[in-house]
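Worksheet: one structure, shown below.
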There are 2 protein chains.
Amino acid sequence: MLQDVYPKLTLEIMDLVGNKWTLLLVYQLAERTQRFSELRRNMAPISQKMLTQKLRELERYGMVDRFVWPSTPPKVEYALTDLGRSFLGAASVICDWTRGNVEELAAARASFDAAAQEALSAA
Amino acid sequence: MLQDVYPKLTLEIMDLVGNKWTLLLVYQLAERTQRFSELRRNMAPISQKMLTQKLRELERYGMVDRFVWPSTPPKVEYALTDLGRSFLGAASVICDWTRGNVEELAAARASFDAAAQEALSAA
DNA sequence: CCGAATCCTAGAAGATACTG
DNA sequence: CAGTATCTTCTAGGATTCGG
């Protein structure tokens, strides 16, 4: 039965992609290993707190590796793991789907909103 | 440049799958056309409000069709559109990925949490 | 039966200030 | 440089009530 299998699964997926930054962060790290400050620039306007938090989450999921260079000033690099790259492969399918259907989605929304507007003015 | 293309895209994706119910609802409707009350049973413990809200969203995105039978008592059926089925194809790739890696993800979390715990007790 | 309207709360996310 | 700590704001989501 579908609903016995997917509830837990979808909740797991929400943890992975169900927020504003995670997917974008994975895409960013896919380009190359980056330091914290680089990431912050490239992910602007993300806050320090959010970036730290999302990086920890991804590290916890085994999708990102964290390398600390014990120097002064401190230097920390983040890189995608194999699991992270594997995830990116799957996630990019929806990204591509969305990109391929972005106009159709926009048209559907516009049509829906227009109908709602008309129903409103009819009343 | 990646970050010029994907921010808007990922936000669009968050609208689609970045919440607790949407993905599961699409999976549920993929099985067959269903009435509101059927859906509510099958999606338990979803609230009426959430179900209505998510159905409207999906309808607005052109992924779900809504058929009203003007009878007493009222009867309303919901069905996936072609676009909805197309989306399901893309979304199922992440679902399958997650299902295929659920143990690896759990192991990574356990390992991360154990390390954090150890660091804590060392202090 | 289907769903709109209202109220309420937990947790997500932002802003700011401070530290090794 | 790479965080942590704290405070505030915002919103998703649940509970409940009412209507056609």
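Proteins come first, then strands; the chains are lettered A, B, ... in the order of their sequence lines, and each starts at number 1. All values reported here derive from a predicted model rather than from experimental measurement.
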Subject >> Per A:Pro74 side chain, nearest of listed nucleotides C:dG20, C:dC1, C:dC2 >> reply: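 Given the options C:dG20, C:dC1, C:dC2, the side chain of A:Pro74 is closest to C:dG20.
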So [Y] and [X], do their side chains get closer than 4.5 Å, heavy atoms only?
X: B:Ile13; Y: A:Val17; result: no
X: A:Phe36; Y: A:Leu51; result: yes
X: A:Arg41; Y: A:Ser37; result: yes
X: A:Leu29; Y: A:Leu39; result: yes
X: B:Thr52; Y: B:Ser47; result: no
X: A:Glu77; Y: A:Gln34; result: no
X: A:Val76; Y: A:Trp69; result: no

Original post:
Over how many whole Å does the gap from B:Leu51 atom CG to C:dC2 atom P extend?
Top reply: 10 Å
Original post:
B:Leu39 CG to C:dG3 P: how many Å, rounded?
Top reply: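 Interatomic distance, CG of B:Leu39 to P of C:dG3: 10 Å.
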Original post:
Which class fits the ring pair B:Trp97 and A:Phe87: parallel under 30°, tilted 30 to 60°, perpendicular over 60°?
Top reply: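 Perpendicular.
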**OP:** Using chain B heavy atoms and a threshold of under 4.0 Å, write down where along DNA chain D the contacts begin and end, 5' to 3'.
**Re:**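 Contacts span D:dG13 to D:dG20, reading 5' to 3'.
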**OP:** Give a yes/no on whether any side-chain N or O of B:Ser37 is located under 4.0 angstrom from OP1 or OP2 of C:dC2.
**Re:** yes
Subject >> Distance test, side-chain N/O of B:Arg35 to OP1/OP2 of C:dC1, below 4.0 Å >> reply: no
**OP:** Write out the stems for DNA chain C, ordered by first number and formatted as range with range, counting runs of at least 3 consecutive Watson-Crick or G-U wobble pairs under 3.5 Å.
**Re:**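 Result, WC/G-U stems under 3.5 Å: C:1-20 with D:1-20.
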Do the side chains of [X] and [Y] get close enough for a salt bridge, i.e. N-O under 4.0 angstrom?
X: B:Arg109; Y: A:Glu12; result: yes
X: A:Lys75; Y: A:Glu38; result: no
X: A:Glu57; Y: A:Lys54; result: yes

Original post:
What does nucleotides 6-19 of chain C look like as a protein-contact string, B for base, S for sugar-phosphate only, - for none, at under 4.0 angstrom between heavy atoms?
Top reply: BB-----BBB-B--
